[in-house]
Enquirer: 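Sharing a structure below in structure tokens format, with a few things to ask.
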Amino acid sequence: MLRVLVLVSGGGTNLQAVLDSIAEGRIRDAEVTGVISNNPNAYALERAKAAGVPGKCISPKSFDTREEFNEKFLEAVDEYRPDLIVLAGFLVVIPPAMISRYRNRIINIHPSLIPSFCGTGYYGLKVHEAALERGVKVVGATVHFVDEGTDTGPIILQKAVEVQPGDTPKALQKRVMEQAEWRILPEAIDLIAQGRVRVTDGRAVVAEED
Ligand code: GAR
């Protein structure tokens, strides 16, 4: 059984998609053993509670220095002994020590087709604002492993979504979540739990089903 730790900052709809997918058998051989939020008011913590998953808050604001936070954050993560760490709308930079300790065991959902609209400053609604501003006709979401860069790690899954005339950033965000994020994040976790994802030469390869 793959022990999954989910890190969140906000509403937690991706966390919910993961919890529902486990309950409904779309993610096999995995359980969410903990949820950590940097934001004490994150609705995601309510979702964890409702699902009977232990939740915890650890915020950089509670520490004098970033180094101190990073150390305590890593300790908090280690306590769950995770096989896989899922960043589901987590908006804090992952400490380098955590990236190297959990190499190719941390995944992130990003609301664009990487390498478009990603990197520093592109998160949440800002991604969809930028896509509409540029006038692209196709957007989407990406699940990737986390490396030392911002949104630069090996890509596991992507799914495209069409922009509709009259889309607002919020409308586009909702469609990308419904049609892409809530599908490919659970799918990626299932693939990892089935041992079908490996990283070679900096690229993720998904093996065919037996
Ligand atoms: C999601 O759209 C996720 O892709 C995005 O934040 C939202 C969180 O929503 N993540 C990023 O922008 C990371 N760069 P949720 O809390 O309802 O899952």
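One-based numbering along the sequence shown. Remember, it's 1-based here, ligands and their atoms both numbered in the order they're listed. Computed from heavy atoms alone, side chains included, the values below leave out hydrogens, waters and symmetry copies.
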Enquirer: Check each atom of ligand 1 against the heavy atoms of Tyr123 and keep those under 4.0 Å away; list them by number with element.
Expert: 12 (O), 14 (N)

Enquirer: Quick test: of every protein heavy atom, which one is nearest to atom 11 (C) of ligand 1, and how far off is it to 0.1 Å?
Expert: Pro111 CD, 3.6 Å

Enquirer: Please classify the Gln173 to ligand 1 contact at 4.0 Å (heavy-atom distances, strictly less than): side chain, backbone, both or neither.
Expert: neither

Enquirer: Among the heavy atoms of Gly12, does any lie under 4.0 Å from an atom of ligand 1?
Expert: yes

Enquirer: Would you say the side-chain atoms of Asn38 and Ser59 include a donor-acceptor pair closer than 3.5 Å?
Expert: no

Enquirer: Just checking, any donor-acceptor pair under 3.5 angstrom between side chains of Asp83 and Tyr102?
Expert: no

Enquirer: Relative to the ring of Phe90, is the ring of Phe73 parallel (under 30°), tilted (30 to 60°) or perpendicular (over 60°)?
Expert: tilted

Enquirer: Identify the heavy atoms of Val92 and Phe69 that sit nearest to each other, and give their distance.
Expert: CG1-CE2, 3.8 Å

Enquirer: Quick check: does His110 get an N/O under 3.5 Å from an N/O on ligand 1?
Expert: yes

Enquirer: I need the atoms of ligand 1 closer than 4.0 Å to a non-hydrogen atom of Met177, numbered in the order shown.
Expert: 1 (C), 2 (O), 9 (O), 17 (O)

Enquirer: Asn39 and Ser9: side-chain donor and acceptor closer than 3.5 Å?
Expert: no

Enquirer: Taking distance alone, with N or O pairs closer than 3.5 Å, would you say Asn108 contacts ligand 1?
Expert: no

Enquirer: Taking side-chain hydrogen bond (donor to acceptor under 3.5 Å, both in side chains) as the test, write out the residues that go with Lys159, two or more places apart.
Expert: none

Enquirer: Under 3.5 Å between some N or O of ligand 1 and some N or O of Asp151?
Expert: no

Enquirer: Residues in side-chain hydrogen bond (donor to acceptor under 3.5 Å, both in side chains) with Glu178, at least two apart?
Expert: Lys174

Enquirer: So if I count the atoms of ligand 1 from 1 in the order they appear, which ones are less than 4.0 Å from some heavy atom of Glu181?
Expert: 1 (C), 2 (O), 3 (C), 4 (O)

Enquirer: Suppose I only count heavy atoms of Gly124 and a 4.0 Å limit; which atoms of ligand 1 are within that range?
Expert: 11 (C), 12 (O)

Enquirer: Please evaluate residues His110 and Ser112 with respect to the criterion side chain to side chain donor-acceptor pair (under 3.5 Å), reporting the C-alpha separation (whole Å), side-chain torsions for both, the decisive distance (0.1 Å), and the verdict.
Expert: CA-CA 6 Å; His110 183 77; Ser112 79; 3.3 Å; yes

Enquirer: Taking everything shown except Arg103 itself, do over 12 heavy atoms lie less than 6.0 Å from its CZ?
Expert: yes

Enquirer: Which residue holds the protein heavy atom closest to atom 17 (O) of ligand 1, what is that atom called, and what is the gap in Å?
Expert: Thr13 OG1, 2.6 Å

Enquirer: For residues Trp182 and Val32: do they belong to one hydrophobic cluster (side chain heavy atoms under 4.5 Å, members Ile, Leu, Val, Met, Phe, Trp, Tyr)?
Expert: no

Enquirer: Out of all atoms in ligand 1, which are within 4.0 Å of some heavy atom of Gly89? Include the element for each.
Expert: 6 (O), 8 (C), 10 (N)

Enquirer: Should you measure from each heavy atom of Asn14, which atoms of ligand 1 turn up under 4.0 Å away?
Expert: 1 (C), 18 (O)

Enquirer: Is Ile109 near ligand 1, meaning one of its heavy atoms is under 4.0 Å from it?
Expert: yes

Enquirer: Would you mind telling me if ligand 1 is within reach of the side chain of Tyr122, the backbone, both or neither, using heavy atoms under 4.0 Å?
Expert: backbone

